[in-house]
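Note that these values count all heavy atoms, side chains included, but never hydrogens, waters or copies made by symmetry. In this text the structure is predicted, and so the values were computed from the model without any measurement. In the text below, chain A, chain B and the rest are named by the order of the sequence lines, each starting its count at 1.
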Amino acid sequence: MAVSEPVRVRIAPSPTGFAHLGTASTALYNILFARKQGGTFVLRIDDTDMERNRPEYEALIYESLRWLGLDWDEGPDKGGPDAPYRQSERVDLYREDAARLIKEGSAYRCYCTPEELEAERRQAQADKRPYRYSRRCLLNPPDDRSVFAVRFKVPGGEVTFTDMVRGEMRFDADLIGDFIIMKSDGFPTYQFASPVDDARMEITHVIRGEEHLSNTPYQLMLVDALGYKRPVAYAHMPLILAKDGAKLSKRKHPEANLALFREQGYLPEALLNYLALLGWNPGTEQEIFSFDQLLEAFSFERVQRAGARFDWEKLNWMDGEYIRNLSDDELATRLEPFLQNVDGETIRRAIPPLRTRMFKLSQSVDYLEYLWTDPPPPSLDAETAQRVRAAVDALRPTPWEPEPIESALEKAVETSGVSKGKFYNPLRDALTGKKVSLPIHYAFALLPKDKALSRLERAA
RNA sequence: GGCCCGUUCGUCUAGUGGACUAGGACGCCGGCCUUUCAAGCCGGAGAUCACGGGUUCGAAUCCCGUACGGGCUACCA
């Protein structure tokens with residue numbers, strides 16, 4: 001590649017539901033490649049399915065991608081030299097190209113009904129031969145029908161292309177039947193709109209999920225028939241699989257929903273890091289990568305060819321690593337949306353004991369909930385109640401900071417003659433209503449003194 | 001059914017003919033620390049490299065076949 005044209009890549013998500021994890025993954029790889037090559041990253045919205053696509057889903061895609069910091073250079077909301085970037089707004093273009101194909105004899109109108117096609121398909125199956133459209137509307141068009149779709153007349157032969165992760169690919173197009181490029185509702189199919197846009201937008205590298213590998217020959221034949229320039233190369237990335245090994249489905253697998261990660265307080269940079277390692281590895285033992293380091297290390301040669309299962313445990317670990325490495329200020333800022341009931345100063349003071357105890361931000365709520373929710377007073381036996389009163393006495397004259405509280409409590413433990421565990425657990429219960437909490441002296445210090453002591457008194 | 005892609009510890013993976021008694025990470029188990037829970041530190045178990053044939057002095061690595069998984073084969077994308 002000596003004198004090469006500027007790199008242009010794209011993602012083309014379809015707004016037919018919540019933003020998908022796979023979209024984030026594909027976007028990441030696209031951005032990595034684009035930034036590395038000094039190229040352009042385009043966001044195109046693939047909304048040609050009039051039945052299923054909805055504008056609010058489009059907004060969800062923007063939000064999730066922005067949250068991850070995967071920003072695009074051109075897109076429906078940003079404009080650009082190839083606007084519009086929403087396929088529903090480009091139908092004239094597809095119609096124009098389809099008309100040209102028909103005129104040149106590379107495509108034809110098909111008047112078959114879904115029922116008729118289904119019958120053909122069933123017949124082929126009964127005869128145990130691979131199904132391909134019969135071409136009856138090409139060979140013998142009906143003259144009494146007006147509703148039609150446009151079908152591409154597949155030229156056959158061999159289609160080859162370069163895949164940056166799988167090498168040279170070769171497909172026998174004689175096995176491919178004539179397929180629909182314009183639906184009877186006047187909208188293009190994905191198989192048509194995608195290569196037309198890629199060509200018109202001068203996309204140089206098509207980086208997408210492996211599910212599209214088999215689609216590539218369909219699209220290349222179209223590009224050729226239209227006389228457009230083919231992309232320089234493709235890269236078909238391994239699919240993200242669910243824990244059970246099945247393809248991640250929106251219905252069955254909550255982790256397919258990008259918004260979920262934000263809601264639960266995963267850090268976007270950690271998710272990105274995890275995603276990068278699902279299907280790719282640097283060839284070194286490094287696991288934690290900043291975006292810039294990813295940029296430096298990434299290459300398609302090191303992309304895995306088999307699908308990779310999504311593993312919550314490893315993500316949790318990685319997110320914990322990122323949380324532990326955040327500065328106090330940064331962590332406080334990120335915690336704020338999750339702790340709307342807690343003032344900034346208290347959040348700041350909670351950070352030292354909190355940070356090693358979370359692998360996602362939302363867990364801070366479990367630890368700090370007692371600050372704004374009064375727990376039910378525990379019922380204590382006489383002996384325990386006695387010790388709780390001793391704790392109150394020890395605490396009353398103590399300055400309300402973790403250190404003094406700790407030493408006051410230590411002293412009380414000593415005079416009580418019981419173990420720390422036995423002494424502290426009832427206090428924890430009375431104070432927080434939970435079995436698990438921050439270390440007891442922090443738990444006390446974060447709550448106003450009078451409130452803390454009254455919870456103990458109430459219990460004893 | 002046809003075509004395509006794939007298959008190394010439970011999971012993500014290293015490995016491109018001899019350095020492999022197959023390495024790392026997550027998880028798991030044990031120990032230390034410890035007021036709970038984490039974090040941290042130390043140690044451990046865990047993969048006859050899907051299976052069967054070849055090629056080779058030698059194969060996880062090359063070839064063929066089989067099995068299994070996934071994708072495409074839609075007027076979904």
Side-chain angles (χ1 to χ4, degrees), chain A residues 12-16 46-49 51-53 110 112-114 117-118 121 124-125 127-132 147-151 163 166 169-173 175-177 179-191 193-194 209-218 236 238-239 241 243 245-247 274 277-288 302 304-318 320 324 353-359 363 366-367 406 409-410 413 419-425 427-429 432 434-441 443:
Chain A
S14 177
T16 53
D46 191 340
D47 57 350
T48 55
D49 185 343
E51 308 265 285
R52 296 196 299 153
N53 87 74
C110 175
C112 295
T113 65
L117 294 170
E118 184 52 36
R121 220 171 280 129
Q125 201 161 33
D127 299 349
K128 290 193 180 277
R129 46 160 231 276
Y131 173 70
R132 261 182 282 133
V147 176
F148 65 89
V150 179
R151 229 175 242 282
D163 190 290
R166 282 152 221 274
M169 300 301 304
R170 186 177 296 271
F171 285 84
D172 182 359
L175 268 18
I176 297 174
F179 56 92
I180 305 254
I181 57 175
M182 294 292 284
K183 299 180 268 190
S184 55
D185 67 1
F187 280 80
T189 59
Y190 163 79
Q191 216 66 293
S194 181
E210 194 199 326
E211 66 218 283
H212 290 122
L213 186 55
S214 303
N215 288 326
T216 308
Y218 290 71
H236 288 97
L239 259 24
L241 273 19
K243 181 123 191 155
K247 186 184 169 189
Y274 177 70
L277 255 28
L278 252 197
W280 168 84
N281 79 81
T284 67
E285 285 177 2
Q286 184 176 357
E287 302 247 28
I288 303 296
R302 298 204 62 89
Q304 208 68 25
R305 282 171 288 267
R309 296 182 202 214
F310 181 89
D311 181 15
W312 280 108
E313 298 291 346
K314 185 141 188 182
L315 202 222
N316 288 344
W317 164 76
M318 188 166 281
R324 275 169 245 129
L354 203 47
R355 76 177 329 133
T356 60
R357 273 164 254 260
M358 303 183 289
F359 59 78
Q363 290 174 306
D366 299 329
Y367 281 108
E406 186 175 21
L409 252 19
E410 299 277 290
V413 169
S419 68
K420 277 190 185 180
K422 195 154 187 185
F423 192 91
Y424 287 153
N425 285 335
L427 299 184
R428 190 191 320 282
D429 195 358
T432 68
K434 290 172 190 280
K435 291 192 111 58
V436 173
S437 79
L438 297 180
I440 198 75
H441 53 293

**Q** Does the structure show a Watson-Crick or G-U wobble partner for B:C72, both distances under 3.5 Å? Name it, or say none.
**A**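 In the structure as shown, B:C72 has B:G2 as its Watson-Crick or wobble partner.
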
**Q** So which nucleotide from B:U11, B:A77, B:A14 ends up closest to the side chain of A:Arg309?
**A**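 Of the candidates, B:U11 comes closest.
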
**Q** Report the nucleotide, chosen from B:C37, B:C72, B:C75, that has the shortest atom-to-atom distance to any side-chain atom of A:Glu211.
**A**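 Given the options B:C37, B:C72, B:C75, the side chain of A:Glu211 is closest to B:C72.
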
**Q** A:Thr48 side chain: which of B:G24, B:A14, B:A77 is closest?
**A**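 Selected nucleotide: B:A77.
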
**Q** Any strand is fair game: report the nucleotide pairing with B:C28 by Watson-Crick or G-U wobble, both distances under 3.5 Å, or none.
**A**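 Answer to the pairing question: B:G44, which forms a Watson-Crick or G-U pair with B:C28.
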
**Q** Report yes if some heavy atom in the side chain of A:Leu277 is under 4.5 Å from a heavy atom in the side chain of A:Met318; otherwise report no.
**A**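 The answer is yes; the side chains approach within 4.5 Å.
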
**Q** Applying the Watson-Crick and G-U wobble criteria at under 3.5 Å, what pairs with B:U35? Answer none if nothing qualifies.
**A**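 None - no nucleotide pairs with B:U35, as no candidate has both distances under 3.5 Å.
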
**Q** Whole-Å distance between B:U11 P and A:Asn281 CG?
**A**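 Taking atom P of B:U11 as the reference, CG of A:Asn281 is at 17 Å.
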
**Q** Should B:U7 form a Watson-Crick or G-U wobble pair with both distances under 3.5 Å, which nucleotide is its partner?
**A**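 With both distances under 3.5 Å, B:U7 matches B:A67.
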
**Q** Using only modelled atom types and a 3.5 angstrom limit, is any donor from either the side chain of A:Thr356 or the base of B:A38 paired with an acceptor on the other?
**A**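 Answer yes: a donor N or O sits under 3.5 Å from an acceptor.
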
**Q** Which residue lies toward the 5' end of RNA chain B, A:Thr16 or A:Ala306, if each is placed at its nearest nucleotide?
**A**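 By nearest-heavy-atom nucleotide position, the 5'-most residue is A:Ala306.
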
**Q** For the side chain of A:Leu213, starting at C-beta, report the closest nucleotide among B:C5, B:C75, B:U11.
**A**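 The answer is B:C5.
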
**Q** Across all strands, who's sitting opposite B:C49 as a Watson-Crick or G-U wobble pair, both distances under 3.5 Å?
**A**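 Across any shown strand, B:C49 pairs with none.
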
**Q** From the options B:G24, B:A77, B:U34, select the nucleotide whose nearest atom is closest to the side chain of A:Lys420.
**A**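 Selected nucleotide: B:U34.
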
**Q** Whom does B:A14 pair with, Watson-Crick or G-U wobble, provided both distances fall under 3.5 Å?
**A**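 Per the H-bond distance test, none.
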
**Q** Mind calculating the distance between CG (A:Asp311) and C1' (B:C28) to the nearest angstrom?
**A**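 It works out to 12 Å between those atoms.
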
**Q** Please figure out whether A:Glu313 or A:Asp46 has its closest RNA chain B nucleotide nearer the 5' end.
**A**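 Going by which nucleotide is closer to the 5' end, it is A:Glu313.
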
